[in-house]
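First comes the structure, then the notes that go with it.
Computed over heavy atoms, backbone and side chain alike; hydrogens, waters and symmetry mates excluded. Sequence positions, counted from 1, serve as the residue numbers for this chain.
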Amino acid sequence: LSAHLGPGRRFFIPRYILGQDVDRPAATLDDWLRSPALDNLQELGFNYGDRFPRDLCPLPPPPLLPASVYRFSSTLRVASFGGCGFPDGNATALHFPVLKQLSLLHVTISESSLHALLAGCPVLQSLLLSFNSGCRRLRIVSRSLRSIGVHPAWGDCRLQQLILEDAPSLERLLYFSSGVSRAMDISVISAPKLDTLGPLSDKFPRLDFGTTVFQVYLCPHFHLR
């Protein structure tokens with residue numbers, strides 16, 4: 001980075017790179033992101049490492065989102081944040097006016113901070129939420145979102161309810177499950193263009209379309225009722 005003349009458009013750091021700096025990965029990443037070679041960065045991705053919180057075995061707080069990320073607020077178009085935490089009470093900083101793709105992987109974020117983050121992304125088209133904690137209920141109010149992917153985590157602090165309150169452009173809602181995730185409730189209030197839903201499995205959530213309720217059961221084969 002010190003030798004690169006720039007400008008850098010894309011910067012992705014695999015989690016094994018940050019994992020080698022076990023003492024100060026957050027400080028190291030923050031230093032990298034302040035490099036002049038990354039001025040006007042458009043795509044950013046990093047992951048401090050996967051986190052699997054359990055009901056009886058809480059994890060220590062993760063490193064916070066580097067403060068240097070906010071200097072890309074006016075240029076960032078694609079972002080993938082992994083293994084970090086988002087501070088509460090700083091909603092004005094969570095503003096990415098040109099961001100179109102956002103992935104949150106194993107992050108810790110409160111309900112208010114997540115709502116503030118999404119409100120600060122007015123042209124967001126794609127959202128992926130995977131194994132995050134701290135937010136139990138999420139209301140989606142977005143005129144730009146076209147695709148949402150959800151993979152709920154384990155434990156009481158996982159995402160348990162997703163409400164599509166006003167999503168006029170939403171076309172795809174993908175629900176991913178595994179042996180360590182639990183089902184959740186999804187309510188569709190207004191998503192007139194939604195035409196792709198799935199995949200179906202025994203971990204599929206309860207889904208409410210107004211007064212119509214869908215639920216997958218295994219007995220012993222899949223039945224959608």
Those residues that, when tested against [X], pass side chain to side chain donor-acceptor pair (under 3.5 Å) (two or more places apart):
X: R143; value: none
X: D39; value: R71
X: S110; value: D88, S112, S113
X: S80; value: none

Shortest non-hydrogen contact from [X] toward [Y]:
X: Q161; Y: S187; value: NE2-OG, 4.5 Å
X: P63; Y: G83; value: CD-O, 3.8 Å
X: T75; Y: N40; value: OG1-C, 3.5 Å
X: I140; Y: A167; value: CG2-CB, 4.4 Å
X: P87; Y: L64; value: N-CD2, 4.2 Å

| said: Aromatic contact between F46 and F12, with the criterion being ring centroids under 6.0 Å apart: yes or no? | reply: no

Measuring from [X]:[atom1] to [Y]:[atom2], what's the distance to the nearest 0.5 Å?
X: L117; Y: L65; atom1: CG; atom2: CG; answer: 9.0 Å
X: L128; Y: L104; atom1: CG; atom2: CG; answer: 8.0 Å
X: L41; Y: F72; atom1: CG; atom2: CZ; answer: 5.0 Å
X: L173; Y: L145; atom1: CG; atom2: CG; answer: 11.0 Å
X: E171; Y: S147; atom1: CD; atom2: OG; answer: 8.5 Å
X: L44; Y: Q42; atom1: CG; atom2: CD; answer: 12.0 Å

| Which residues pass the salt bridge (charged side-chain N to carboxylate O under 4.0 Å, His left out) test with R9, sequence neighbours left out? | E43

| Residue list, salt bridge (charged side-chain N to carboxylate O under 4.0 Å, His left out) with E165, at least two apart or on another chain | R139

| said: I'd like to know whether V69 forms a side-chain contact (heavy atoms from CB on, under 4.5 Å) with F81, so could you lay out the CA-CA distance, the side-chain angles of the two residues, the decisive distance to 0.1 Å, and finally the verdict. | reply: CA-CA 10 Å; V69 169; F81 303 136; 3.9 Å; yes

Could you see if [X] belongs to whatever hydrophobic cluster contains [Y]? Use Ile, Leu, Val, Met, Phe, Trp, Tyr and a side-chain cutoff under 4.5 Å.
X: L38; Y: V98; answer: no
X: I13; Y: L102; answer: yes
X: L194; Y: I186; answer: yes
X: V150; Y: V141; answer: no
X: Y175; Y: L197; answer: yes

| request: Classify the ring geometry between F11 and W32 as parallel (under 30°), tilted (30 to 60°) or perpendicular (over 60°). | output: perpendicular

| request: Could you give me the CA-CA distance, side-chain angles and deciding distance for D30 and S68, then say whether side-chain hydrogen bond (donor to acceptor under 3.5 Å, both in side chains) is met? | output: CA-CA 6 Å; D30 191 64; S68 51; 2.8 Å; yes

| said: Apply side-chain contact (heavy atoms from CB on, under 4.5 Å) to residues D185 and Q160 and explain how you reach the verdict. | reply: CA-CA 6 Å; D185 292 335; Q160 300 177 24; over 6 Å; no

| With F86 via ring pair (Phe, Tyr, Trp, His ring centres under 6.0 Å) - residues at least two apart | none

| note | Applied to residues 72-81, the salt bridge (charged side-chain N to carboxylate O under 4.0 Å, His left out) test, sequence neighbours excluded, yields none

When the side chains of residues 120-127 are checked against the rest of the protein, which donor-acceptor pairs come out under 3.5 Å, sequence neighbours left out?
none

| task | State which residues pass side-chain contact (heavy atoms from CB on, under 4.5 Å) with S190; sequence neighbours excluded, sorted by chain then number. | result | D166, P192

| said: Taking side-chain contact (heavy atoms from CB on, under 4.5 Å) as the definition, give me every residue that meets it alongside L174, ordered by chain and number, with sequence neighbours left out. | reply: R172, F176, T196

| field | Test applied, side-chain contact (heavy atoms from CB on, under 4.5 Å); reference residue, L159; option that passes from N132, L114, L129 | value | L129

